[in-house]
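Only one structure is covered here, and it is reproduced in the block below.
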Amino acid sequence: MKEIKTVDDFNFENKTALVRVDFNVPINKLHEITDDTRIRYSIPTIQKIISEKGKIVLISHFGRPKGIPSQTFSLKFLVDYLSKQLKITVNFCENCIGKIPLKKVDELKYGEILLLENLRFYKEEEKENENFAYELSKLGDIYVNDAFGVAHRYHTSITILPKFFSGKKCIGLLMKKEIQYLDQFLLGKGKKPITILLGGAKISSKIEIIENIIDFADYILIGGGMSYPFIKIKGGMVGDSIIEKNKKIEKTLKKIFRKYHNKINIIHLPKDVVIADSFKNESNTKIVPIDSIPNGWMGLDIGPYSIKNFCQIIEKSKTILWNGPVGVFEFENFSLGTRSIAKAIANRTEKGAFSLVGGGDSIASLKMENCENKISYLSTGGGAMLASLKNKMLPGISAIIL
Ligand code: AMP
């Protein structure tokens with residue numbers, strides 16, 4: 001990561017850092033945070049700047065207010081939480097641009113924090129707006145991006161704002177970690193065997209990843225709705241199982257089979273499947289070979305033989321990445337496959353493997369099994385993780401390098 005500057009390349013003494021964080025944390029009806037991972041992971045960046053007696057202006061989005069300010073999407077509720085976590089004064093400003101925040105930054109003492117209101121209260125945030133970026137840029141000397149969860153978005157604070165900080169922009173420590181961990185897979189730096197498990201329903205969001213990793217992955221496991229287009233193209237019967245409609249997918253799959261025919265044994269598909277006669281938890285079920293699903297039935301979870309096969313591969317892997325459930329895990333009756341994968345990865349990690357898990361569903365299933373703390377690293381951005389694995393330089397990172 002030579003060319004990307006990080007906060008470690010700067011001294012923040014007497015400087016104001018404009019830090020883009022992703023504090024878009026899940027909350028309950030009482031506005032209590034139900035998962036503070038994203039905030040906790042940003043704390044090292046904040047502490048580094050504060051310890052050098054810099055000022056911090058924190059900017060973040062929260063939810064999807066679509067340019068309309070409201071109490072529901074206000075970031076104010078984070079002031080108390082951050083003050084307690086960091087044990088320093090955290091101030092708040094209800095505006096992101098204009099005279100008021102400028103005055104508040106001026107009054108801020110070195111070693112203190114000013115949290116600005118939700119960036120998405122301004123419709124310009126999601127529209128790559130130069131003026132909005134210019135106004136925001138007045139609030140800091142050094143721009144820091146520590147918001148991995150939105151680093152794949154073309155939003156003003158991610159792609160345009162850094163343009164106003166020539167030479168004085170960098171990524172934070174959360175972002176650095178995410179990139180370093182992903183490089184274990186993207187550059188094949190991880191200890192072998194390297195296993196990548198992709199599941200979920202939207203094959204279009206993951207298919208390009210296969211081509212990128214096939215040269216150095218030892219095992220690519222495909223589960224969930226993602227597996228049916230593979231089975232169908234191989235001539236199997238998938239019944240009414242979910243198949244994402246997209247002509248490009250069929251083309252890409254054919255290309256993969258043609259181009260990598262000598263490596264195709266790296267890709268492991270489920271061999272058996274739990275099928276249901278309707279898309280609900282209380283449906284009739286059967287276990288059948290994955291290529292023999294009758295019409296009127298749909299595959300909703302991987303079967304026991306596939307669970308065993310996938311878990312055995314995980315058991316011998318030293319570097320593991322997982323994104324996407326292998327079944328409709330939201331229905332208890334079809335959650336066994338995904339929960340078994342979660343447990344297998346956690347157990348393997350306890351025995352010394354490195355594991356990286358991303359995507360809200362995979363993390364939720366780890367929580368179902370109370371094993372989220374056993375994973376080496378929970379990515380703070382499912383979408384950004386997938387975009388990186390497609391070997392795309394994330395726009396938020398390009399904006400720092402340029
Ligand atoms: P994605 O956003 O592509 O990661 O998809 C996640 C969703 O895929 C979850 O809500 C799962 O319920 C769903 N999913 C996984 N396997 C299947 C399946 N066999 N049939 C239908 N949906 C599935």
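For this chain, numbers begin at 1 and follow the sequence in order. The structure displayed is predicted, hence computed values, not measured ones. As the structure lists them, so they are numbered: ligands from 1, and atoms in each ligand from 1.
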Exercise for the section: Could you tell me whether Phe257 atom CZ has more than 12 heavy atoms of other residues or ligands within 6.0 Å of it? Expected result: yes
Practice prompt. Using the ring pair (Phe, Tyr, Trp, His ring centres under 6.0 Å) rule, take Phe164 and Tyr143 through it: C-alpha gap first, then chi angles, then the decisive distance, then the call.
Written response: CA-CA 9 Å; Phe164 294 91; Tyr143 169 86; over 10 Å; no
Practice item. Could you give me the CA-CA distance, side-chain angles and deciding distance for Phe279 and Ile242, then say whether side chain to side chain contact (heavy atoms under 4.5 Å, CB included) is met? Key: CA-CA 10 Å; Phe279 190 78; Ile242 190 168; over 6 Å; no
dist Asp301:CG -> Leu336:CG (nearest 0.5 Å) comes out at 6.5 Å
Taking Glu130 first and then Lys163, would you say they form a salt bridge - that is, a charged N and a carboxylate O separated by under 4.0 Å? yes
Please confirm whether the backbone N or O of Cys96 pairs with a side-chain atom of Tyr122, one donor and one acceptor, at under 3.5 Å?
yes
Expected rows: ligand 1 N/O, protein N/O, dist below 3.5 Å:
| from | atom 1 | to | atom 2 | distance (Å) |
| --- | --- | --- | --- | --- |
| ligand 1 | 2 (O) | Lys202 | NZ | 2.9 |
| ligand 1 | 3 (O) | Ala201 | N | 3.0 |
| ligand 1 | 3 (O) | Lys202 | N | 2.8 |
| ligand 1 | 3 (O) | Lys206 | NZ | 3.4 |
| ligand 1 | 4 (O) | Lys206 | NZ | 2.9 |
| ligand 1 | 5 (O) | Ala201 | N | 2.9 |
| ligand 1 | 8 (O) | Ala201 | N | 3.2 |
| ligand 1 | 10 (O) | Glu330 | OE2 | 2.5 |
| ligand 1 | 12 (O) | Glu330 | OE1 | 2.6 |
| ligand 1 | 12 (O) | Glu330 | OE2 | 3.3 |
| ligand 1 | 16 (N) | Gly225 | N | 3.2 |
| ligand 1 | 19 (N) | Gly299 | O | 2.9 |

